[in-house]
Asker: 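Below is one structure. I have some questions about it.
Below, chains carry the letters A, B, ... as their sequence lines are ordered, and counting in each starts from 1.
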There are 2 protein chains.
Amino acid sequence: MKETFIPDVVISRLPLYIQTLNRLLREGKSVVSSNELGLLLDMTPSQIRRDLANFGGFGKQGTGYDIIKLMESLREILNLNQIWKVALIGVGHIGQALINYDGFNRNGFEIVAAFEHNPGKIGKKVGNIVVRDIKNMDEEMPEMGVKIAVITVPGESAQAICDRLVKIGIRSILNYAPVNLQVPEDVQVENIDPVLKMQKMTYYLQ
Amino acid sequence: MKETFIPDVVISRLPLYIQTLNRLLREGKSVVSSNELGLLLDMTPSQIRRDLANFGGFGKQGTGYDIIKLMESLREILNLNQIWKVALIGVGHIGQALINYDGFNRNGFEIVAAFEHNPGKIGKKVGNIVVRDIKNMDEEMPEMGVKIAVITVPGESAQAICDRLVKIGIRSILNYAPVNLQVPEDVQVENIDPVLKMQKMTYYLQ
DNA sequence: TAGATTGTTAATCGATTAACAATC
DNA sequence: TAGATTGTTAATCGATTAACAATC
């Protein structure tokens with residue numbers, strides 16, 4: 001349990017701040033104001049200061065925020081100072097692409113296992129991991145210390161997989177299947193569905 | 001311009017309604033109440049009725065909503081009764097996975113072209129499209145009637161690609177690069193970044 | 001008719017913004 | 001010191017929810 005309740009929208013924005021602070025750091029900057037950050041993120045300086053103030057005073061009046069210090073604080077708040085083990089279920093096109101995506105490793109998320117139903121894929125290597133039989137998922141995943149699961153199976157099987165994940169204690173699920181998963185309230189699901197985003201954009205087109 | 005202004009959050013939810021209505025239809029249902037829909041989508045019935053009421057009265061008191069009729073209306077509102085041509089920039093792992101993803105075609109989005117910088121990939125076939133030279137993007141993309149662009153290049157090149165897309169008249173961009181793109185206000189950008197979602201989830205873990 | 005569920009209004013809730021004193 | 005920018009409060013804005021009359 002956290003000390004004070006912080007709105008979920010605020011938590012959602014912290015990774016964005018980290019991303020932009022990283023960028024500024026790469027560009028050689030060491031201090032940034034809420035105003036500059038706001039320009040880069042299309043947010044008001046007020047909102048940024050308010051968000052950060054939820055966690056204490058990170059800035060210095062007249063100067064702004066020390067980029068390294070702020071980034072370290074945000075990483076600590078989000079529990080990012082450790083390697084998180086991730087498992088993937090479903091080694092189709094998207095699954096394979098994610099295994100090969102280096103953005104996870106670069107940011108402290110390690111895909112340690114991938115499970116599949118298709119016998120033709122089990123035992124084969126994708127990137128540098130060997131595809132496992134989904135039959136063994138319920139035993140193997142907890143043994144490996146996995147805390148985050150990524151669902152990349154077809155929509156029809158997603159809920160069943162999700163139920164199994166919940167049962168073995170997974171509390172964070174990144175879902176690429178085009179389904180709204182039903183989970184207990186202590187389990188978090190984040191959905192990624194490019195079709196939904198496109199269907200939204202077409203409203204504004206033409 | 002639309003008749004009345006509808007909040008963007010509402011528009012974002014319409015594709016979700018369509019998704020769930022589709023599912024109910026596949027399950028053989030023909031009518032649904034705001035209450036049932038709410039249970040499937042983790043929303044209050046009030047919110048669903050309010051969202052839909054923005055566009056007129058689709059339901060029938062005492063009965064609920066005719067699924068086919070409601071779906072048709074929502075598809076019309078979102079301009080989904082046409083095939084939208086999509087181009088992809090960057091044929092790396094994610095780009096290739098998206099070309100092979102059938103969810104786009106099934107939902108009326110056709111990837112008609114893919115552009116790459118890497119000479120080793122230009123001219124090669126991925127799925128059933130031939131990878132084009134990014135040099136020719138600015139001429140070829142408008143000729144093909146593309147209205148939506150998907151950016152799957154590395155973060156460093158994303159803004160430059162984005163600028164070119166804006167210049168040739170693209171108004172809808174789905175961005176997979178881990179960067180906050182700067183665009184004029186009449187251009188819509190939707191970001192997909194699994195790392196940001198994971199970094200949010202770890203806040204609640206441990 | 002009785003029961004169910006919509007469409008809509010008013011009340012509530014929560015998030016964003018503006019403003020400014022504090023302070024580096 | 002003068003200038004800049006934070007942290008914080010109060011005001012505003014907008015979205016969500018509850019409630020209920022209308023109506024199928």
Side-chain angles (χ1 to χ4, degrees), chain A residues 2-17 20-21 24 29-74 77 180 185 200 203, chain B residues 2-17 20-21 24 29-74 77 180 185 200 203:
Chain A
K2 306 284 166 177
E3 300 83 0
T4 338
F5 172 77
I6 312 281
D8 189 68
V9 267
V10 175
I11 303 300
S12 302
R13 286 192 290 258
L14 302 187
L16 226 43
Y17 295 147
T20 303
L21 292 171
L24 290 168
K29 299 206 62 174
S30 61
V31 169
V32 70
S33 68
S34 57
N35 197 54
E36 293 171 275
L37 259 183
L39 289 172
L40 291 170
L41 286 164
D42 309 303
M43 296 171 60
T44 61
S46 277
Q47 184 169 46
I48 292 173
R49 292 202 299 277
R50 192 106 174 33
D51 277 0
L52 299 178
N54 280 302
F55 306 96
F58 298 129
K60 190 184 272 186
Q61 281 98 327
T63 313
Y65 299 88
D66 179 290
I67 294 180
I68 293 184
K69 201 176 126 227
L70 177 54
M71 217 174 60
E72 271 314 304
S73 307
L74 292 175
I77 291 164
N180 196 272
E185 66 170 336
K200 176 195 166 182
Y203 175 79
Chain B
K2 307 281 163 179
E3 300 84 0
T4 338
F5 172 78
I6 312 282
D8 189 68
V9 267
V10 174
I11 302 301
S12 302
R13 285 192 291 259
L14 302 187
L16 226 44
Y17 295 147
T20 302
L21 292 171
L24 291 168
K29 300 205 60 175
S30 61
V31 169
V32 70
S33 69
S34 59
N35 197 54
E36 293 171 274
L37 259 184
L39 289 171
L40 291 171
L41 286 165
D42 310 301
M43 296 172 58
T44 61
S46 278
Q47 185 169 46
I48 292 173
R49 292 202 299 278
R50 193 115 179 24
D51 278 0
L52 298 179
N54 280 303
F55 305 97
F58 298 128
K60 189 186 272 186
Q61 280 99 328
T63 313
Y65 298 89
D66 179 289
I67 295 181
I68 293 185
K69 201 176 127 224
L70 177 55
M71 216 175 60
E72 270 315 304
S73 307
L74 292 176
I77 291 163
N180 196 273
E185 64 169 336
K200 176 196 166 182
Y203 174 79

Asker: With hydrogens left out and only the distance checked, is there a donor-acceptor pair under 3.5 Å joining A:Arg50's side chain and the base of C:dT17?
Answerer: yes
Asker: Using atom CZ of B:Phe55 as one end and atom C1' of C:dG7 as the other, report the distance to the nearest whole Å.
Answerer: 15 Å
Asker: Identify, between B:Leu52 and A:Thr63, the residue whose nearest nucleotide on DNA chain C lies closer to the 5' end.
Answerer: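 Per heavy-atom nearest nucleotide, the more 5' residue is B:Leu52.
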Asker: Who is the Watson-Crick or G-U wobble partner of D:dG14, with both distances under 3.5 Å?
Answerer: C:dC13
Asker: Can you check the B:Gln61 CD to D:dC20 P distance for me, whole Å?
Answerer: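 Going from B:Gln61 (CD) to D:dC20 (P), I get 17 Å.
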Asker: Counting the atoms with a prime plus P, OP1 and OP2 as sugar-phosphate, which does B:Pro7 contact under 4.0 Å by heavy atoms, base, sugar-phosphate, or nothing?
Answerer: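 Here B:Pro7 touches the backbone only, sparing every base.
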Asker: Distance only, no hydrogens: is a donor on one side chain within 3.5 Å (strictly under) of an acceptor on the other, for A:Gln47 and A:Thr44?
Answerer: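 Checked: A:Gln47/A:Thr44 side chains show no N/O donor-acceptor pair below 3.5 Å.
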Asker: When both hydrogen-bonding distances must be under 3.5 Å and the geometry is Watson-Crick or G-U wobble, what is C:dC24 paired with, if anything?
Answerer: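 Check on C:dC24: paired to D:dG3, both distances under 3.5 Å.
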Asker: Where the side chain of A:Thr63 meets the backbone of A:Gly59, is there a donor-acceptor pair that is under 3.5 Å apart?
Answerer: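 Between the backbone of A:Gly59 and the side chain of A:Thr63 there is no qualifying donor-acceptor contact (under 3.5 Å).
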Asker: Could you tell me the separation between the CG atom of A:Asp51 and the P atom of D:dT8, rounded to a whole number of Å?
Answerer: 14 Å
Asker: Closer than 4.0 Å, any side-chain N/O of B:Ser46 to the OP1 or OP2 of D:dT16?
Answerer: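 For D:dT16, OP1/OP2 do not have a side-chain N/O of B:Ser46 under 4.0 Å.
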Asker: At under 4.0 Å, does any side-chain N or O of B:Gln47 touch on OP1 or OP2 of D:dT16?
Answerer: yes
Asker: Please check: side-chain N/O of B:Glu72 versus main-chain N/O of B:Lys69, any donor-acceptor pairing under 3.5 Å?
Answerer: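 Not at all, since once roles are kept as given, no pair shorter than 3.5 Å links the two residues.
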Asker: Between C:dA18 atom C1' and A:Ile48 atom CD1, what is the distance in whole Å?
Answerer: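 The distance from CD1 of A:Ile48 to C1' of C:dA18 comes to 15 Å, rounded to the nearest Å.
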Asker: Within this structure, what is the CG-to-P distance between B:Asn35 and C:dG3, rounded to whole angstrom?
Answerer: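 Atom-to-atom, B:Asn35 to C:dG3, this comes out as 18 Å.
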Asker: Nearest whole angstrom, please: distance from the P of D:dT9 to the CG of A:Asn54.
Answerer: 12 Å
Asker: Would you indicate, yes or no, if D:dT16 has its OP1 or OP2 atom less than 4.0 angstrom from a side-chain nitrogen or oxygen of B:Arg13?
Answerer: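 Affirmative; the distance criterion is met.
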Asker: Taking only side-chain N and O atoms of A:Thr44, does any of them lie within less than 4.0 angstrom of OP1 or OP2 on C:dT17?
Answerer: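 The answer is yes; a side-chain N or O of A:Thr44 sits under 4.0 Å from OP1 or OP2.
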Asker: With a 4.0 Å cut-off on heavy atoms, is A:Val10 in touch with a base, just the backbone sugar-phosphate, or nothing at all?
Answerer: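 Contact class for A:Val10: none.
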Asker: When you look at CG of A:Leu39, are more than 12 heavy atoms from neighbouring residues, nucleotides or ligands closer to it than 6.0 Å?
Answerer: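 Result for CG/A:Leu39: enclosed.
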Asker: Could you check if a side-chain atom of B:Ile48 sits within less than 4.5 angstrom of a side-chain atom of B:Arg13, using non-hydrogen atoms only?
Answerer: no
Asker: It should be established whether B:Tyr65 places a side-chain nitrogen or oxygen under 4.0 Å from OP1 or OP2 of nucleotide C:dA4.
Answerer: no
Asker: Expressed in angstrom and rounded to an integer, what is the separation of A:Leu37 atom CG from D:dG7 atom P?
Answerer: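 A:Leu37 atom CG is separated from D:dG7 atom P by 12 Å.
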Asker: Any side-chain N or O of A:Arg49 less than 4.0 Å from the OP1 or OP2 oxygen of D:dT6?
Answerer: yes
Asker: For A:Met43 and C:dT16, give me the distance from atom CE to atom C1', rounded to whole Å.
Answerer: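 Rounded to the whole Å, the gap is 10 Å.
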